[in-house]
Participant: 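Input: one structure, supplied below.
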There are 2 protein chains.
Amino acid sequence: MFHQHQKIKLALVDDHKLFRKGLKSLIDMLGPQYEVIFEANNGKDLQSLLTPDNSPDIILLDINMPEMDGFSTVKWLSTHFPLIKTLVVSMVEKEETVVSMLKLGVKGYLCKDVEPKELSEALNSVYNKGFYYTDFITGKLLHAIQQDNNGDGYGNGNQSYQLNERERDFLKLACSELTYNEIALQMSLSPKTIDGYRNALFEKLNIKSRVGLALYAVKNGLVHL
Amino acid sequence: MFHQHQKIKLALVDDHKLFRKGLKSLIDMLGPQYEVIFEANNGKDLQSLLTPDNSPDIILLDINMPEMDGFSTVKWLSTHFPLIKTLVVSMVEKEETVVSMLKLGVKGYLCKDVEPKELSEALNSVYNKGFYYTDFITGKLLHAIQQDNNGDGYGNGNQSYQLNERERDFLKLACSELTYNEIALQMSLSPKTIDGYRNALFEKLNIKSRVGLALYAVKNGLVHL
DNA sequence: TAAAAAATAAGGGTTTTTCCTTATTTAAAA
DNA sequence: TTTTAAATAAGGAAAAACCCTTATTTTTTA
C-alpha cells in the first residue's frame, strides 16, 4: 500500500446542522485520508462557498433543503463544476427520486438509515471508481425500466415521470391551500391549463387526488415543511 | 470539581441509522461522562430493548418514526418508566408539536439544526437540573399561551389544539386518497360525522382545505412518508 | 340520577375538484 | 417552410369537498 499524496476533499450540504456535524464526525473517524473542507446549509449556500480554488472532490448532498434543493443543486453543479462528484445522502427512498437523481448524473445514492460502514465504502468507491452502485440503486433502476416497458404510453426510453419546470411550479403551489383558480392567477395561466397540468400529473404519477399531489411533492422534496 | 462516580447513561431513538451513529459519535466526543447504552429504530424497538436492568438516564427521542412515533413513545414511557428523562431531537419546529411534547412531560426539545454545543448543554442541563429550557421553547410556549387568551372558545387553560384519538385517526386517513365517504366507512361513522371532524380540525388548526390537513399530519409526524 | 359535555348524525346548499373531449397557439424539428 | 410536437385553453358535466345549522345519542360529571 503506497502513500496517498493528497487528501480526498469533501463538502457536506444538508440543512440540519446536527446531522452535518454528526456526519463530519463519522468521516473524521474514517481516518486522515478524508478532509471535509466546508459545509453548506443548502444549494444556495454551496454556490457562494464553492470556487475553483476551493472545490472538493466529492459533495455529499441532501435533497430536501430550503432555498435550493438537491435537484437544482446537481443541475447547477453539472454545468458549473462538472468534475465534482456528487453522492446523495437523503432520507427519501422513492424510486422516482432515486432514478431522477441518477439521471442527473449523481455518482451514488445513500439513504440516511445505512450503516456508517456503507458511508466509507461509498466514499472510497466514488473516489476510486467514480461511482457507487448498490443493490438498492440497481433495484430501483430495474423496477423503473420494467415499468417503462409495460407500454403505458410513457415508456420507450425517455423519462416517464420526469416533470418539467412548469409542472414542478404548479406542483409546489398545489401543495398549498390555494384554489386551482388562485394558482392559475399566480402562474398567469388559464384555470383550464391548470386543469390540464393536474390531469397530466395524476396520470404520470398515478395519483388520484390533490392530497396525493401534495404528498408526492413533500415526499420528493419539492416543498419543505 | 469532584469525581463522577457513574456515567450518565443515554439511549438514542431515531429511525435513521446514519443520524443515530453521527449523534453517538458527537456524544462520544463530549467525553467519558456519557455512555450510549443502546440505540433503537423507533418506539416499538425501544419497548423491547428497555428493561429495569437496562434503563438509561436520558432518552434522546425523535418524533417522526415508523411503527411507533415520539408521542406514543413518550406516553408509554411516562407510565412504564416515569424516571427516565426524555430529550426530543427532531426536525419538527411547529409550535403545536413542541407544546404537545412539553405537555406530555419531555424535559427538553432540540431541533436537528442546532450546534453540537447545544447538545452537550442540553444533556448536562437535563441530567443536572432535570430540564433544558431554551428561548426556542419559551417562545413557543408563550405564543401558545397568548393564543389561548384570545377568547376563541378553545382557550381557558386546557389544550386548544390537542387532538383526541378519533380526530387523529381521521386525520391519518384524510392524509390519503380516500374520499371522505370512504373514510367514514373505514371508521364506521356517518359521512356527516366525518364532516364534523373535518370542520373541527379546520377551526382548531386554522386550516382551510384537505391539503392543509394532509400537510399538517405530515409536519407533525402523524403519518410517515 | 339529572345536568352538562362530547360524540355522532342529518338537512340542504355552495364551491371546488375532478374528468372527458376538443381547439388554439407556440416552439421545435425536418 | 411545412410537419410535429408541446404548451395553453375551452365547454360541459358529475363527483367530491366545503360550510352552516340543528338534532340525537352517548359519556362524564356534579
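Scope of the values below: all heavy atoms of this structure, side chains included, with no hydrogens, waters or symmetry mates. The shown structure was predicted, so the numbers you read here are calculated from the model rather than taken from an experiment. We name chains A, B, ... by the order of the sequence lines, and we start the count at 1 in each one.
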Participant: Near DNA chain D, which residues from residues 170-184 of chain B have a heavy atom under 4.0 Å away?
Facilitator: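 Residues of residues 170-184 of chain B that come under 4.0 Å of DNA chain D are, in numerical order, B/T179, B/Y180.
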Participant: Is the shortest side-chain heavy-atom distance between B/V114 and B/F136 below 4.5 Å?
Facilitator: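 Not touching, per the 4.5 Å side-chain cut-off.
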Participant: Step through the shown structure and confirm whether more than 12 heavy atoms of other residues, nucleotides or ligands are within 6.0 Å of CG on B/N206.
Facilitator: no
Participant: Grab the CD1-P distance between B/I194 and C/dA7 for me, whole Å please.
Facilitator: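 Interatomic distance, CD1 of B/I194 to P of C/dA7: 13 Å.
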Participant: Should the side chain of A/N199 and the base of C/dC20 be counted as holding a donor-acceptor pair, with the cut-off at 3.5 Å?
Facilitator: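 Result: no qualifying N/O pair found.
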Participant: Looking at B/L189, B/L171, B/T193, which one forms a side-chain contact (heavy atoms from CB on, under 4.5 Å) with B/R166?
Facilitator: B/L189
Participant: Students often mix this up, so state it plainly: with edges at 30° and 60°, are the rings of B/F19 and A/F19 parallel, tilted or perpendicular?
Facilitator: parallel
Participant: Among the nucleotides D/dG12, D/dC18, C/dT18, which one has an atom lying closest to any side-chain atom of B/D195?
Facilitator: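 That would be D/dC18.
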Participant: To the nearest Å, give me how far apart NZ (A/K204) and C1' (D/dA6) are.
Facilitator: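 That distance rounds to 11 Å.
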Participant: Measure from CD on B/E203 to P on D/dC20 and round the result to the nearest Å.
Facilitator: 9 Å
Participant: Are any of the side-chain heavy atoms of B/L10 and B/D57 separated by less than 4.5 Å?
Facilitator: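 A side-chain contact is absent here, since even the closest heavy-atom pair is not under 4.5 Å.
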Participant: Indicate yes or no: at least one non-hydrogen side-chain atom of A/I183 is less than 4.5 angstrom from one of A/T179.
Facilitator: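 They are not in contact (no side-chain heavy atoms under 4.5 Å apart), so the answer is no.
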Participant: Send over the distance from B/F202 CZ to D/dC20 P, rounded to a whole Å.
Facilitator: 11 Å
Participant: Compute both the distance and the angle, then confirm whether A/R198 meets the cation-pi test with A/Y180: under 6.0 Å from the six-membered ring centre, within 45 degrees of the axis.
Facilitator: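 Yes, A/R198 and A/Y180 form such a contact.
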Participant: Side-chain contact, heavy-atom cut-off 4.5 Å: B/K85 with B/Y127?
Facilitator: no
Participant: Quick one: A/M187 CE to D/dA9 C1', roughly how many Å, whole number?
Facilitator: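 For the pair A/M187 CE and D/dA9 C1', the rounded distance is 14 Å.
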Participant: Find the distance B/L213:CG to D/dC18:C1' and express it as a whole number of Å.
Facilitator: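 The answer, rounded to whole Å, is 11 Å.
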Participant: What is the bend of the helix from C/dT14-D/dA17 to C/dA30-D/dT1 when you compare the axis at one end with the axis at the other, using five pairs each and rounding to 10°?
Facilitator: 30°
Participant: From D/dC18, D/dG12, C/dG11, pick the nucleotide closest to the side chain of B/R210?
Facilitator: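 Selected nucleotide (nearest to the side chain): D/dC18.
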Participant: Quick one: does B/L18's side chain get under 4.5 Å of A/V89's, heavy atoms only?
Facilitator: yes
Participant: Specify the separation, in whole Å, of atom NZ of A/K192 and atom P of C/dT21.
Facilitator: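 That distance rounds to 14 Å.
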Participant: Would you mind reading off the distance between B/K208 atom NZ and C/dT16 atom C1', rounded to a whole angstrom?
Facilitator: 16 Å
Participant: Quick one: is B/S190 getting a side-chain N or O under 4.0 Å of the C/dA10 phosphate, OP1 or OP2?
Facilitator: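 Yes, B/S190 has a side-chain N/O under 4.0 Å of OP1/OP2 on C/dA10.
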Participant: Identify whether any heavy atom of B/R198 sits under 4.0 Å from a base atom; if not, whether one sits that close to sugar-phosphate; answer base, sugar-phosphate or nothing.
Facilitator: base
